[in-house]
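These numbers were taken from a predicted model, which means no experiment stands behind them. Residue numbers start from 1 in every chain, and the chains themselves are labelled A, B, ... in the order their sequence lines are given, proteins ahead of strands.
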Amino acid sequence: MIEVVNLHKYFGMLQVLKGVNTRIKKQEVVCVIGASGSGKSTFLRCLNLLEEPTSGEIIIDGIPLVEQRKDINRLRQKVGMVFQQFNLFPHMTVMENITLAPMKLKGMSKVEAHDKARDLLSKVGLPDKDNEYPNRLSGGQKQRVAIARALAMDPEVMLFDEPTSALDPEMVGEVLNVMKQLANEGMTMVVVTHEMGFAKEVGDRIMFMDEGIIYEEGAPQELFDNPQRDRTREFLGKVL
Amino acid sequence: MDSVIKSLSDAIYYNLIREQRYMQFIQGLGISLQLTLYAAVLGTIIGLFMALAKLGRIKWLQGLATLYVDVIRGTPAVVQLVLIYYAILGSSNLPKIVVASVAFGINSGAYVCELIRAGILAVDRGQMEAARSLGFSYSHSMIYIIIPQAIKNILPALANEFIVLLKETAIAGYIALDDLTRAGNIVRGRTFDAYTPFIVVALIYLYITTILTWLLNKLEGRLRESD
């Protein structure tokens with residue numbers, strides 16, 4: 001469903017991605033781990049072109065990058081994204097946050113969009129928060145609303161950029177549970193995370209990134225229990 | 001004591017009452033307020049477009065807006081006013097208030113541009129990213145997400161700019177527009193009293209700016225409440 005070929009990204013002189021190659025299949029859950037500065041967030045942000053790749057190819061549903069650039073807004077409707085800092089719209093209620101995009105971009109009626117938003121809010125465990133403003137919610141609640149907002153566009157893939165890194169420890173679980181449920185329902189997911197427990201349990205494949213490349217990848221059992229290469233071992237030794 | 005009261009009442013009589021001179025001040029105030037209002041509206045419109053030009057990605061528009069802001073902020077308002085009056089608009093038969101409104105509007109636009117730009121830049125970058133990631137275009141992201149949040153940052157500064165603008169218009173007399181300050185000048189010319197007319201002028205300005213500042217504080221309070 002997503003194919004990445006020889007992806008390079010420079011920020012000025014700094015080379016952040018040095019040739020990333022991978023394929024993400026439908027319904028697959030890929031967890032991307034690695035030290036900070038390894039390029040994992042940049043890689044994720046390239047997948048919906050929030051960062052413009054310097055060179056290389058990203059093919060989504062058979063559509064190459066050059067074609068996607070022409071219709072970038074349509075592409076992004078199919079690729080949901082959840083951010084570390086939530087990025088809810090503070091001037092809108094939870095309901096408005098979730099319904100804005102479906103109503104404006106998909107022409108969904110207000111009734112339809114509200115029904116859908118209510119379903120999604122129950123799904124993420126916040127059925128009675130529809131009229132709250134984001135600043136009245138806890139971090140974990142904000143992130144669950146952000147997930148609901150992304151899901152409201154019926155994306156084919158969900159990208160998660162360190163979704164629990166800005167949360168207090170006691171709130172990490174509630175967000176991971178929602179993500180786990182989503183994975184069980186067959187959503188295609190790419191998750192940049194430091195939650196090794198989650199990666200091991202939910203991930204179909206773990207990607208270890210180091211210095212701008214996919215240094216090692218494999219099924220969770222292989223990669224966590226029997227890493228083949230030095231730096232993977234070193235990294236896992238530090239975090240596990 | 002009696003002589004103080006006598007001279008005070010004489011001053012008031014000669015500078016305000018006689019020949020209905022208070023009308024000079026009232027009409028002058030009317031002109032000053034009108035001028036401020038027109039210039040504020042024009043300045044806001046110019047400022048908004050210049051801010052968007054500066055933030056946008058079209059290079060020549062960006063350059064143009066930067067040049068405009070630098071020239072306006074780098075030269076005295078009175079020089080701009082006189083130049084615009086004589087060189088650009090003086091040759092037509094437009095009323096002076098229109099010429100002055102255009103001049104002050106162009107002047108204010110440069111400051112408003114920077115206020116709006118700063119207000120937009122103060123909105124967290126993640127907001128634009130979140131909007132774009134949902135599939136909104138750049139302009140729709142601006143309209144639905146960024147500008148509504150930026151307005152909260154901008155409004156108090158903008159209101160303050162208008163208070164400054166009211167005082168700036170005191171130089172309109174340079175193109176012989178009978179604003180409040182010039183009213184003071186005219187009355188002084190008749191009464192040869194250097195102090196009283198300008199004390200009256202100062203008190204009127206102070207009164208108006210005090211009201212506007214009070215309104216501004218209320219506005220700021222309400223904006224903070226909604227946070």
Q: Got more than 12 heavy atoms from elsewhere within 6.0 Å of OH, B/Y68?
A: yes
Q: Do B/L134 and A/L100 have side chains that get closer than 4.5 Å, going by heavy atoms?
A: no
Q: Which residue out of B/H140, B/R125, B/E129, B/Q149 racks up the most heavy-atom pairs below 4.5 Å with chain A?
A: B/E129
Q: What residue in A/R149, A/M92, A/M153 has the most heavy-atom pairs under 4.5 Å with chain B?
A: A/R149
Q: Can you confirm whether more than 12 heavy atoms, excluding those of B/I58, are under 6.0 Å from its CD1 atom?
A: no
Q: Rounded at 0.5 Å granularity, tell me how far CD1 in B/I143 sits from NZ in A/K104.
A: 10.0 Å
Q: Which atoms of A/F83 come close to chain B, meaning under 4.5 Å heavy atom to heavy atom: side chain ones, backbone ones, both, or neither?
A: side chain
Q: Considering only heavy atoms and a distance below 4.5 Å, find which of A/N48, A/L49, A/L50, A/I72 pairs most often with chain B.
A: A/L50
Q: For the pair A/N87 (side chain) and B/G126 (backbone), establish whether a donor and an acceptor sit closer than 3.5 Å, ignoring hydrogens and angles.
A: yes
Q: Does atom NZ of A/K106 have more than 12 heavy-atom neighbours, drawn from other residues, nucleotides or ligands, at distances under 6.0 Å?
A: yes
Q: What part of B/Y138 gets within 4.5 angstrom of chain A, counting heavy atoms only: side chain, backbone, both, or neither?
A: neither
Q: Between the main-chain N or O of B/S133 and the side-chain N or O of A/Q77, is there a donor-acceptor pair closer than 3.5 Å?
A: no
Q: Can you establish whether the number of heavy atoms outside B/F198 located under 6.0 Å from its atom CZ is more than 12?
A: yes
Q: Closest heavy-atom contact between B/Y144 and A/H91?
A: O-NE2, 3.1 Å
Q: Checking heavy atoms, do the side chain of A/L88, its backbone, both or neither come under 4.5 Å from chain B?
A: backbone
Q: Tell me whether the count of non-hydrogen atoms from other residues, nucleotides or ligands lying under 6.0 Å of OH in A/Y10 goes above 12.
A: no
Q: Can you see which heavy atom on A/F89 is nearest to which on B/A130, and at what distance?
A: CE2-CB, 4.0 Å
Q: Please output the residues of residues 199-210 of chain B in contact with chain A, using a heavy-atom cutoff of under 4.5 Å, in numerical order.
A: none
Q: Checking A/R74 against chain B: side chain, backbone, both or neither under 4.5 Å from a heavy atom?
A: neither
